[in-house]
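Beneath this line is the structure, given in structure tokens, with notes to follow.
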Amino acid sequence: MPLWLREHRWHQTPTAVFLSLPLRGARATPANIFCSERYLKVSIPPFLFEAILYAPIDDTNSTAKIGNGSIFFTLYKKEPAMWDSLTLENADKEKLQCLRENAVLKAQQKAKEETEAKKATKEEHKKYALEATMKLEEAERKRIEDLKEKERQKVAEELELWKNQQKDADKYKSIQKDGELHQEIGQLKERKNEKMSKTRIPYEGTSKTRPKPTKGCRGSCSIFSPNAKEEQLPSPRSAATIKVNFTPRVFPTALRESRVAEEEEWLHKQAEARRTISADLSELEDLKEEEKNPDWLKDKGNKMFAMGNYLAAVNAYNLAVRLNNKLPLLYLNRAACHLKLRNLHKAIEDTSKALELLTPPVPDNKDARVKAYVRRGTAFCQLELYTEGLQDYEAALKIDPKNQNIEKDAEKIRHLIQGTMQGS
Amino acid sequence: MSAAPGLERPQVVSHAQQALNYTVFDCKWVPRSARLLCLGSAARGTGLVQLYELRGARLELLREIEKPKPIKCGTFGATSLQQRYLATGDFDGNLNIWNLEAPEIPVYSVKGHKEIINSIDGVGGLGIGEGAPEIVTGSRDGTVKVWDPRQKDTPVANMEPVQGESKRDCWTVAFGSNAYNQEERVVCAGYDNGDIKLFDLKTMSLRWETNIKNGVCSVEFDRKDINMNKLVATSLEGKFHVFDMRTQHPTKGFASVSEKAQKSTIWQVRHLPQNRDIFMTSGGSGSLHLWKYEYPAQRSKKDSEGAEMGVAGSVSLLQNVTLSTQPISSLDWSPDKKGLCVCGAFDQTVRVLIVTKLNKI
């Protein structure tokens, strides 16, 4: 049950009612006050004060002041009249209830209207703000445009001025020129002939530089035409050629033409190959340090090959391959040894392995590939598999079309094939 | 670029523009006049030379000359101011010099190269510098040849690849250093593999070469009539290099500063005739950039062995503007009016622009 607050005091003037309501220690906030036209309620739990007003008041303008432990209401009457009392007497419960409900409804409606009104004003404000900014921006843009226009016009005027100046200058010059031309035609012709004869001399020299004759000629030219109006032009330079080289690059193609991706891949592979050492270390422990280096072994192998000791070379290469099976050159050289030893199948195997390792095909490994194809071709031919051999020779030719030996050998094989076909 | 408040930077104002019905490869101002020439290739495979005059805000066509072969480049550099003969290089490798008053028969003609002449430059004329008038042409056949209009049929200098060497297209040539006396002269050539070579015509030798990795589209000295000062070389992929040519180090060559301006190729560089530290680059994205070079506090210093080497300065962007969606392939400043320039783009338009506030730089 709420505690009713009854110790209120009020007094009135013809237009307003002043009501003071002491709060017994309770704190009031605007949310606790509910007021409509005929109904006033203050609810601060557990306290409650309500009053059905004697006559309608203007609740929008009425105020409530909260402070000093009491609320002070200033209620403006709708109709200026003196009230008999603050509240309606003899109000039966139903009426009271009705009034209360009406009051609440009305209040709600009012609240709704208020929010709508607020929204409307907000939108208007927004629109206004937008228009204002647009105007400002327009103004700015216009200002810049105007400045630009002014510049343009100024510049155009200057140009016109300058053009007119030019025109006048031209006219003046042409008048002058005509006058001079008549004078000079005779002189010019003479001098031209002289110059032509003088300039013939340097042509006959074929060496790169012959400064002396030209200088001398120039000197004599000036002697002959001291009062010339036209410039003293030196004779044409003695002809010469400068040979140029173009920048060699690792991959000699311009950046836009280069197949950089492929070339990168190749370099990468080479780098990798250098690094991998597939080793069975247990067996290799008793080898000397240098014998573990595939490059050293390759060199050793090459030397053996050069000396004709093919078996030793093969051994060296075998060891090198065991250490690093990714170097194409090892296989290539071992194939050469096998060829000499007439181990043709092994030769074919090795060259095939080498070719596998020599992808991607780039100008860098051109020579190696040519060698591989040629060796494999030779092996095939020695096995009398001439068609395969020819294929390989043609592949080699494709890479290096200018190699005469390959050409000749390919021709020979072709003849052989035709011969056997005819025979059989 | 957005306009700075007060518009204090130089502005590039588009003054006049002309739509053409052919591809324009080169545009040049006729010296001492408000007239300009457009050189190009018509759709039917013939060459066109059109002479326009700037009247108010329009270009008026004064003359049109048609030639059998498309014309790639032209220059007034080697003629006198009175004659104003135009030297052109065409797609067939022919070098011709025309008198525009009587263009039916060329004043000088030679089949200089086996392939298209990509670039041409002239020196010794127009009252600038001293020495014999000479024209240099660079061609796709890898050779650079210097011609004297008074000598028929054979070039006075020929820079060609060594026998057996694979040739690289020469894309651009420029004269320089036509200074003190009548003998000094250098030719700079840029190739499609990024080589830049500097030939000294006095000693008939290769004076310096370098490689900037990307094909060189355009080279230009800042002045043709002084001792070599600066050289700008532009290349594919939006880079250009400014070389300080005053000090040559025996091994390191010339000092340079490079700048990457745009994603696309920089087709042309042209120095302002009235101020040799300002130049404009034109790009493949249809944009023009105006640059200023600032010299370093000391232009040369000694290296560890005591040899002199150059110090490159810095380049700052003054303005940029995008005019077209197609590359601007040719650019020319007017030698008579500061800030007036013409540019031709592959969208078949030629535009006359005025760059303002160049006095205040």
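Chain A is the first sequence line, chain B the second, and so forth, proteins listed ahead of strands; every chain is numbered from 1.
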All heavy atoms of B/Lys197 vs all of A/Asn245, minimum pair found to be NZ-O, 2.7 Å

For A/Phe246 and B/Pro161 the tightest heavy-atom approach is CE1-CB, 3.8 Å

Per-residue contact mode, [X] against chain A (heavy atom under 4.5 angstrom):
| X | result |
| --- | --- |
| B/Val13 | side chain |
| B/Asn158 | both |
| B/Pro155 | backbone |
| B/Ser205 | backbone |
| B/Ser80 | neither |
| B/Ser235 | neither |
| B/Lys337 | both |

If you count heavy-atom pairs within less than 4.5 Å of chain A, which of [options] leads?
| options | value |
| --- | --- |
| B/Asp148, B/Val156, B/Leu340 | B/Val156 |
| B/Val146, B/Ile354, B/Val144, B/Thr143 | B/Ile354 |
| B/Leu201, B/Thr356, B/Leu206 | B/Leu201 |

Is there side-chain contact between B/Glu160 and A/Val244, with at least one heavy-atom pair below 4.5 Å? no

Any chance you could measure [X], atom [atom1], to [Y], atom [atom2], to the nearest 0.5 Å?
| X | Y | atom1 | atom2 | answer |
| --- | --- | --- | --- | --- |
| A/Trp162 | B/Leu54 | CH2 | CG | 7.5 Å |
| A/Glu160 | B/Arg55 | CD | CZ | 10.5 Å |
| A/Ile242 | B/Met159 | CD1 | CE | 5.0 Å |
| A/Leu147 | B/Gln11 | CG | CD | 9.5 Å |

Might you confirm whether atom [atom1] of [X] has over 12 heavy atoms from other residues, nucleotides or ligands at distances under 6.0 Å?
| X | atom1 | answer |
| --- | --- | --- |
| A/Arg152 | CZ | yes |
| A/Lys243 | NZ | yes |
| B/Lys260 | NZ | yes |
| B/Lys167 | NZ | yes |

Under the side-chain hydrogen bond (donor to acceptor under 3.5 Å, both in side chains) test, which residues partner B/Arg207, sequence neighbours left out? B/Gln248

Residues that B/Trp333 engages under ring-ring contact (aromatic ring centres under 6.0 Å, His included), provided they are two or more places apart: none

With a 4.5 angstrom heavy-atom cut-off, which part of A/Glu157 approaches chain B: side chain, backbone, both or neither? neither

